[in-house]
A.B. asks: 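First the structure, then my questions, so here it is.
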Amino acid sequence: MQSHRKIVTSSPENSETPLENQAGWVTPNRLFFVRNHFEPPAVGEAATWACTLEGLVARPTTWPWAQLAAMPQHTVFATVECAGNGRSFLQERAAGVQWGAGAIGHAEWTGVRLRDLLEPAGLLSAAREIVFEGADRGEEDGIAMSFTRSLPVAKALHPDTIIALRMNGEWLEPNHGAPMRLFVPGWYGVASVKWLRTMRVIDHAYQGFFQTVKYAVNRPGPEGKRAEPIGAGVVKSELLQPTEGAELGLGTHHFAGLAWGGEERVARVDVSTDGGRTWLAAHLQGTPQPYSWCQWETRWTVSAPGDYVIMVRAFTETGQAQPFDYDPDNLGYIINTVRGRRVSVSAGRPTRVTFADAPAWSDFMETYAEENARRPLDLELALTSGDGI
Ligand SMILES: Nc1nc2c(c(=O)[nH]1)N[C@H]1C(S)=C(S)[C@@H](COP(=O)(O)O)O[C@H]1N2
Ligand SMILES: [Mo]
C-alpha cells in the first residue's frame with residue numbers, strides 16, 4: 001500500500017511525512033508535509049491567476065500565470081522545514097502544532113527567478129523589504145488576516161529565490177500553493193508564501209503577524225532582547241534507522257539518516273552510541289549541497305547486550321553545530337537540539353535492522369543510488385564554483 005502524509009490537524013490540514021517512509025533523497029509530492037494556517041483558497045484554473053507587484057517600483061506590473069510559465073525557468077533542489085518541526089519533543093510544551101519529526105521535505109522546485117521580475121520593474125532606491133501576500137484568509141488570535149510575510153531585498157534578488165510553479169516536475173498541488181508560491185531556498189518554510197497574489201515593495205521592516213507575533217524568536221539587541229523574524233534554516237539531522245525503541249541483536253547494524261544546514265552545506269555528521277560520550281563520523285552520500293539535505297550512513301558493531309542511546313550531531317561548512325540544549329528564546333521554533341534515541345540490544349535477535357513496513361537496507365541503498373544518479377548537474381556546479389569534489 002502507498003503511504004501518505006500523517007495528519008496532525010485536519011482542518012486546516014497540517015500533516016507530516018512519516019520519516020520511515022522517507023527512503024530517498026527527494027520527498028514524493030504525495031508525502032510532502034503540509035502547513036496551512038487557513039483553509040486553502042479557491043483557486044480555479046491556473047490560467048485565471050495573476051500576481052501583482054506594487055509599491056516602491058518604477059513600473060508596477062501584473063503577471064498572469066501563463067506569462068510566468070512561458071518565461072525562462074530556474075530549478076533548485078531544496079529542503080523545506082517548518083520552523084516548528086519537532087515541537088512535540090520539547091520538554092516544556094510550547095503552543096502551536098505538535099509536530100513530530102516530519103514537518104520537513106526535500107524537493108525540486110521550478111519557476112521564475114524573482115529578480116527577473118523585480119529588475120525590469122525597477123526597484124526604487126528606498127526599497128528595503130518586499131511583502132508577499134497569499135490568497136488564503138482566516139483568523140488568528142481573533143483577528144482577520146491573510147497570510148503575509150516579508151523578505152529583505154537582498155534575499156529577494158538572490159538568483160535562487162523563485163516564484164515556483166512546479167514541485168518535483170509537476171504543477172504545484174493546491175496544498176502546496178497552486179498555481180504559484182514564493183520559494184526561498186535555505187529559509188524556514190514560513191518564508192515561502194503559497195497562493196501568491198501580491199508583492200509590495202516597502203521602505204521599512206514589515207511588522208506582520210507571521211513575523212512578529214508568530215514565527216519570531218527573541219534575540220539580543222542594543223536595548224535587551226527583541227523579537228526577530230525567523231529566517232534562514234539552521235543545522236540539523238535525523239536518524240531514520242534504527243527507530244526509537246528498536247530491538248537489535250548482537251553484531252553489525254546499519255544506521256542511516258539525513259542532515260541539513262539551511263543555506264549552508266553539511267560538512268560532517270557525528271554519531272554516538274553511548275549517549276554522547278564518544279562520537280564517530282558517519283559517511284556522507286554524494287557531495288553535500290547548499291539548501292539540500294544529505295543522506296548519511298554508518299555501521300555499528302555491538303558485542304554487549306544492553307540499552308543504548310544513539311545520538312546524531314551535524315555540522316556545517318562554517319562550523320555551525322547542533323546544540324545539546326534547547327534555547328528557550330527560540331519560543332517553540334528552531335528545534336535542532338541533539339535528540340537521543342533509545343535502542344535495546346540482546347542476543348538471539350537478527351543482526352540487521354529490518355522493519356515490517358520500511359524497505360530493507362538493500363532497497364534503501366538502491367534508492368540512494370538512483371537518486372544520486374540524478375545529480376551530475378549539482379556536481380558540475382560544485383566544480384565551477386571552485387569547491388572541487
Ligand atoms: N499562503 C500561505 N503560505 C504559507 C503558509 C500558509 O499557511 N499560507 N504556511 C507557511 C509555512 S509555516 C510553511 S512551513 C510552508 C509549508 O509549505 P508546504 O505546506 O508546501 O509544505 O508554507 C508557508 N507558506
Ligand atoms: Mo512553518
Side-chain angles (χ1 to χ4, degrees), residues 4-9 11-17 22 26-43 49 51 78-87 94-109 111 131-140 145-151 161-168 170-199 208-211 213-217 229-234 236 260 262 330-335:
H4 288 275
R5 298 185 291 264
K6 179 177 162 215
I7 300 292
V8 184
T9 71
S11 75
E13 176 174 339
N14 284 290
S15 55
E16 61 180 288
T17 307
Q22 178 61 58
V26 168
T27 312
N29 290 350
R30 85 190 136 76
L31 283 182
F32 205 97
F33 84 97
V34 171
R35 174 62 179 118
N36 288 341
H37 291 79
F38 312 126
E39 289 299 336
V43 165
W49 191 271
C51 104
T79 300
V80 186
E81 182 178 20
C82 181
N85 189 29
R87 186 174 287 137
V97 178
Q98 294 302 304
W99 298 108
I104 185 160
H106 179 244
E108 179 204 49
W109 305 89
V131 180
F132 298 84
E133 184 174 19
D136 49 333
R137 294 191 65 83
E139 265 192 22
E140 286 265 3
M145 63 180 82
S146 54
F147 188 89
T148 308
R149 270 288 288 202
S150 76
L151 211 57
T161 300
I162 60 175
I163 308 277
L165 308 179
R166 291 185 177 90
M167 179 178 177
N168 289 333
E170 310 287 338
W171 295 122
L172 281 177
E173 288 172 17
N175 261 326
H176 296 294
M180 60 176 75
R181 78 184 295 175
L182 177 64
F183 189 75
V184 188
W187 280 41
Y188 278 108
V190 67
S192 295
V193 176
K194 303 192 274 191
W195 311 292
L196 181 64
R197 261 289 189 221
T198 312
M199 304 183 269
F209 181 86
F210 293 101
Q211 59 200 79
V213 181
K214 296 277 173 70
Y215 296 97
V217 290
I230 285 171
V234 300
K236 189 165 165 182
W260 57 99
N330 287 354
L331 305 177
Y333 300 106
I334 313 186
I335 303 149

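Every number for a ligand or one of its atoms is a count from 1 in the order of the listing.
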A.B. asks: As an exercise, state the distance from CE of Met145 to CD of Glu133, rounded to the nearest 0.5 Å.
C.D. replies: 11.5 Å
A.B. asks: For Trp195, counting its heavy atoms only, list the atoms of ligand 1 lying under 4.0 Å from any of them.
C.D. replies: 1 (N), 2 (C), 8 (N)
A.B. asks: Do any pairs count as a side-chain hydrogen bond (donor to acceptor under 3.5 Å, both in side chains) and have a residue in residues 175-189, sequence neighbours left out, and if so which ones?
C.D. replies: Glu13-Asn175, Asn36-Asn175, Trp187-Glu263
A.B. asks: Touching ligand 1 at all, Val80? Heavy atoms, strictly under 4.0 Å?
C.D. replies: no
A.B. asks: Below 3.5 angstrom, do we get any N/O pair linking His176 and ligand 1?
C.D. replies: yes
A.B. asks: What part of Phe33, side chain from CB on, backbone N/CA/C/O, both or neither, has a heavy atom under 4.0 Å from ligand 1?
C.D. replies: both
A.B. asks: Test of understanding: given a 4.0 Å heavy-atom threshold, classify the contact between Ala135 and ligand 1 as side chain, backbone, both, or neither.
C.D. replies: neither
A.B. asks: Can you tell me how far CD1 of Ile104 sits from NZ of Lys236, rounded to the nearest 0.5 angstrom?
C.D. replies: 6.5 Å
A.B. asks: Check the pair Phe33 / Val80 against side chain to side chain contact (heavy atoms under 4.5 Å, CB included), numbers first and verdict last.
C.D. replies: CA-CA 9 Å; Phe33 84 97; Val80 186; 4.2 Å; yes
A.B. asks: Side chain, backbone, both or neither: which applies to Arg181 and ligand 1 if a contact is any heavy-atom pair less than 4.0 Å apart?
C.D. replies: side chain
A.B. asks: May I ask you to check if ligand 1 and Phe32 share an N or O to N or O distance below 3.5 Å?
C.D. replies: no
A.B. asks: Given side chain to side chain contact (heavy atoms under 4.5 Å, CB included), test Asn168 with Thr27 step by step and report yes or no.
C.D. replies: CA-CA 9 Å; Asn168 289 333; Thr27 312; 5.6 Å; no
A.B. asks: Please confirm whether Asn36 comes within less than 3.5 Å of ligand 1 when only nitrogen or oxygen atoms on both sides are compared.
C.D. replies: no
A.B. asks: What do you reckon, does Ser192 put a non-hydrogen atom under 4.0 Å from ligand 1?
C.D. replies: yes
A.B. asks: Answer yes or no for Tyr215: is there a heavy-atom contact with ligand 1 below 4.0 Å?
C.D. replies: yes
A.B. asks: For ligand 1 and His37, I'd like to know whether there is a polar contact (N/O to N/O, distance under 3.5 Å).
C.D. replies: yes
A.B. asks: Measure Asp136 to ligand 1 on non-hydrogen atoms and call it side chain, backbone, both or neither using the 4.0 Å cut-off.
C.D. replies: side chain
A.B. asks: Quick check: does any side chain N or O of Ser192 sit under 3.5 Å from a backbone N or O of Val184, one acting as donor and the other as acceptor?
C.D. replies: yes
A.B. asks: How long is the span from the CD atom in Glu81 to the CD1 atom in Ile334, to the nearest 0.5 Å?
C.D. replies: 9.5 Å
A.B. asks: Check the orientation of Phe210 and Phe147. Use parallel for under 30°, tilted for 30 to 60°, and perpendicular for over 60°.
C.D. replies: tilted
